[in-house]
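So that the names make sense, note that chain A is the first sequence line, chain B the second, and so on, each numbered from 1.
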Protein chains: 2
Amino acid sequence: MLRLTKRSEYGLMALAFLAAQEPGVYTSVREIVSRLGTPRRLLAEVLKALSQAKVVEATRGPGGGYRMRTPAEELSLSRVIAILEGPVNVARCASEDGCDFQEICTIQEGIAQVADRIKRVLDGYTLADIVRAGSGAAPVLDQLSDPASHQDRSVA
Amino acid sequence: MLRLTKRSEYGLMALAFLAAQEPGVYTSVREIVSRLGTPRRLLAEVLKALSQAKVVEATRGPGGGYRMRTPAEELSLSRVIAILEGPVNVARCASEDGCDFQEICTIQEGIAQVADRIKRVLDGYTLADIVRAGSGAAPVLDQLSDPASHQDRSVA
DNA sequence: GTTATTTAGCACTCATACAGTGCTCTTTCA
DNA sequence: TGAAAGAGCACTGTATGAGTGCTAAATAAC
């Protein structure tokens, strides 16, 4: 259905929040949840996953919590999504499993291209870009690679 | 999960097949299925939907079936997907319903940008492009707008 | 060392939507 | 009139997403 899961959304929200904190400071799940209003346990799981993937780091006990580990500028959207909902496979065709119709399917190549292009969009966006966009500024890579600006072939 | 549904895949396969037939000739579901190996009833539903959306046209009775109505060059991927699985909303944030965290969410803008960019990729790809790719050729718009070629910031 | 705080680990439930199928009706051509 | 083909209708099973409860282990403060 070509949509991000809540896990990814919550994860990105939490990461944006953590990235905005004082560097080095730990913020607890309780505190993040009280700000964002997301389901507590779910966010905890998301953060745990991000912690295991070394995107954030955790400390237990009073005063503990999470803080950024990977700089926002180096954290791609595709990485976050891969951690929270598995690797991005826009089409089964393009996935490792391969498609069931390999022999006769004429769209495989084309779909793979599309999937690849979407993948690259996600690769190209960093957490920093996401946050930046929220503050009004345009993401860094717009000038390099926005297909939109060149493209008016839309039919829909 | 950021993936196309089978409906879309089957639909695109069938459309590619129809687009490759003699212009004007009707091809029955039975025949398409016998070639593609997709589940019969499911493909029938998909084609019915495409017919109602005037992408293909149908005739009943012996010798009947489906044929293209919208030229492959004018049929965008996003249109097909919209018909077969509803409008593309990469993130709920970006959807019409709006997100539940509007007040505090700092990633909304950024996500909307990403969603928009993905949407444009899908807008920009036509059935003709998909088919072309399968025959070895590069899609028409690669030279205009492939972000990939400019972009090596991938972290993942 | 006891206590409070906080992450870690584990498994289950509920809701949604995707995938697939059976049967009958209507249209159309031979 | 009969056979072929799409149209209409609704249901079932499965996967995955979303959300929750409880307990254990670590750590800091007292």
Side-chain angles (χ1 to χ4, degrees), chain A residues 1-11 13-14 18 25-34 36-67 69 81 84-89 91-92 97 99-101, chain B residues 1-11 13-14 18 25-34 36-67 69 81 84-89 91-92 97 99-101:
Chain A
M1 206 237 199
L2 219 53
R3 171 161 37 180
L4 291 179
T5 63
K6 294 257 181 191
R7 280 172 68 92
S8 292
E9 287 184 25
Y10 294 161
M13 287 168 69
L18 287 177
V25 175
Y26 288 97
T27 311
S28 70
V29 170
R30 190 175 44 70
E31 194 174 337
I32 300 174
V33 162
S34 79
L36 298 183
T38 58
R40 186 208 179 95
R41 282 285 293 99
L42 192 50
L43 190 67
E45 277 204 358
V46 164
L47 282 166
K48 186 177 62 173
L50 291 170
S51 172
Q52 287 169 339
K54 303 194 190 306
V55 166
V56 299
E57 53 191 336
T59 312
R60 304 190 197 182
Y66 293 94
R67 71 179 180 197
R69 182 163 172 183
I81 295 173
L84 296 178
E85 53 184 284
V88 177
N89 285 321
R92 290 156 237 253
D97 323 340
C99 96
D100 306 334
F101 308 97
Chain B
M1 205 238 199
L2 217 55
R3 172 158 43 178
L4 292 178
T5 62
K6 293 256 183 191
R7 281 172 68 91
S8 292
E9 287 184 26
Y10 295 160
M13 287 168 69
L18 288 177
V25 174
Y26 288 97
T27 310
S28 70
V29 170
R30 189 174 46 70
E31 194 173 337
I32 300 174
V33 162
S34 77
L36 299 183
T38 58
R40 184 206 180 97
R41 281 285 291 100
L42 193 49
L43 190 69
E45 277 205 358
V46 163
L47 282 166
K48 185 177 62 172
L50 290 171
S51 171
Q52 286 169 341
K54 303 195 191 304
V55 166
V56 298
E57 53 191 335
T59 312
R60 304 190 197 182
Y66 293 94
R67 69 179 181 197
R69 182 163 173 182
I81 294 173
L84 296 179
E85 53 185 285
V88 177
N89 286 320
R92 291 154 236 255
D97 323 341
C99 97
D100 306 335
F101 307 97

Inset, instruction - For a side chain to side chain contact (heavy atoms under 4.5 Å, CB included) with A:Y66, tell me which candidate from A:V56, A:L50, A:V55, A:T27 qualifies. - result: A:V56

Inset, instruction - Hey, which sits more toward the 5' end of DNA chain D by its nearest nucleotide, A:R7 or B:L47? - result: B:L47

Nearest-Å distance, [atom1] ([X]) to [atom2] ([N])?
{"X": "B:L43", "N": "C:dA19", "atom1": "CG", "atom2": "C1'", "answer": "13 Å"}
{"X": "B:I32", "N": "D:dA4", "atom1": "CD1", "atom2": "C1'", "answer": "15 Å"}
{"X": "B:L50", "N": "D:dG6", "atom1": "CG", "atom2": "P", "answer": "14 Å"}
{"X": "A:K48", "N": "D:dA25", "atom1": "NZ", "atom2": "P", "answer": "15 Å"}
{"X": "A:L36", "N": "D:dG19", "atom1": "CG", "atom2": "P", "answer": "14 Å"}
{"X": "A:N89", "N": "D:dT16", "atom1": "CG", "atom2": "P", "answer": "12 Å"}
{"X": "B:Y26", "N": "D:dA7", "atom1": "OH", "atom2": "P", "answer": "11 Å"}
{"X": "A:L18", "N": "C:dT6", "atom1": "CG", "atom2": "P", "answer": "15 Å"}

Within the 4.0 Å heavy-atom criterion, would you say [X] contacts the bases, only the backbone, or no part of the nucleic acid?
{"X": "A:R40", "result": "nothing"}
{"X": "B:Y66", "result": "sugar-phosphate"}
{"X": "A:E45", "result": "base"}

Inset, instruction - For the pair A:R92 (side chain) and B:L4 (backbone), establish whether a donor and an acceptor sit closer than 3.5 Å, ignoring hydrogens and angles. - result: yes

Inset, instruction - Keeping the roles fixed (side chain from A:R69, backbone from A:E57), state whether a donor-acceptor pair exists under 3.5 Å. - result: no

Inset, instruction - Compare side-chain N and O positions of B:Q52 against OP1 and OP2 of D:dG6 and report whether any pair is under 4.0 Å apart. - result: no

Legend entry - N or O in side chain of B:Y10 less than 4.0 angstrom from C:dG20 OP1/OP2: yes

Below 3.5 Å is the cut-off: list the nitrogen or oxygen pairs between protein and nucleotides 26-29 of chain C, distance only.
unit_1: C:dT26; atom_1: O2; unit_2: B:R60; atom_2: NH1; d: 2.8
unit_1: C:dT27; atom_1: O4'; unit_2: B:R60; atom_2: NH1; d: 3.1

Inset, instruction - Measure the spacing between CD of B:E9 and CZ of B:R3 and express it to the nearest 0.5 Å. - result: 8.0 Å

Inset, instruction - Measure the spacing between OG1 of A:T59 and OH of A:Y26 and express it to the nearest 0.5 Å. - result: 3.0 Å

Inset, instruction - Locate the shortest heavy-atom distance separating B:T38 from B:V33; write the atom from each residue and the value. - result: O-CG1, 3.3 Å

Inset, instruction - Give the intermediate values and the outcome of side-chain contact (heavy atoms from CB on, under 4.5 Å) for residues B:L84 and B:V46. - result: CA-CA 7 Å; B:L84 296 179; B:V46 163; 3.8 Å; yes

Inset, instruction - Please figure out whether A:R30 or A:M1 has its closest DNA chain C nucleotide nearer the 5' end. - result: A:R30

Legend entry - Note, A:L47 side chain near A:L18 side chain (heavy atom, < 4.5 Å): yes

Looking at [options], which one has an atom nearest to any side-chain atom of [X]?
{"X": "A:A58", "options": "D:dA7, C:dG9, C:dT7", "answer": "C:dT7"}
{"X": "B:K6", "options": "C:dC18, C:dA19, D:dG19", "answer": "C:dA19"}
{"X": "A:V29", "options": "C:dC18, D:dA18, C:dT7", "answer": "C:dT7"}

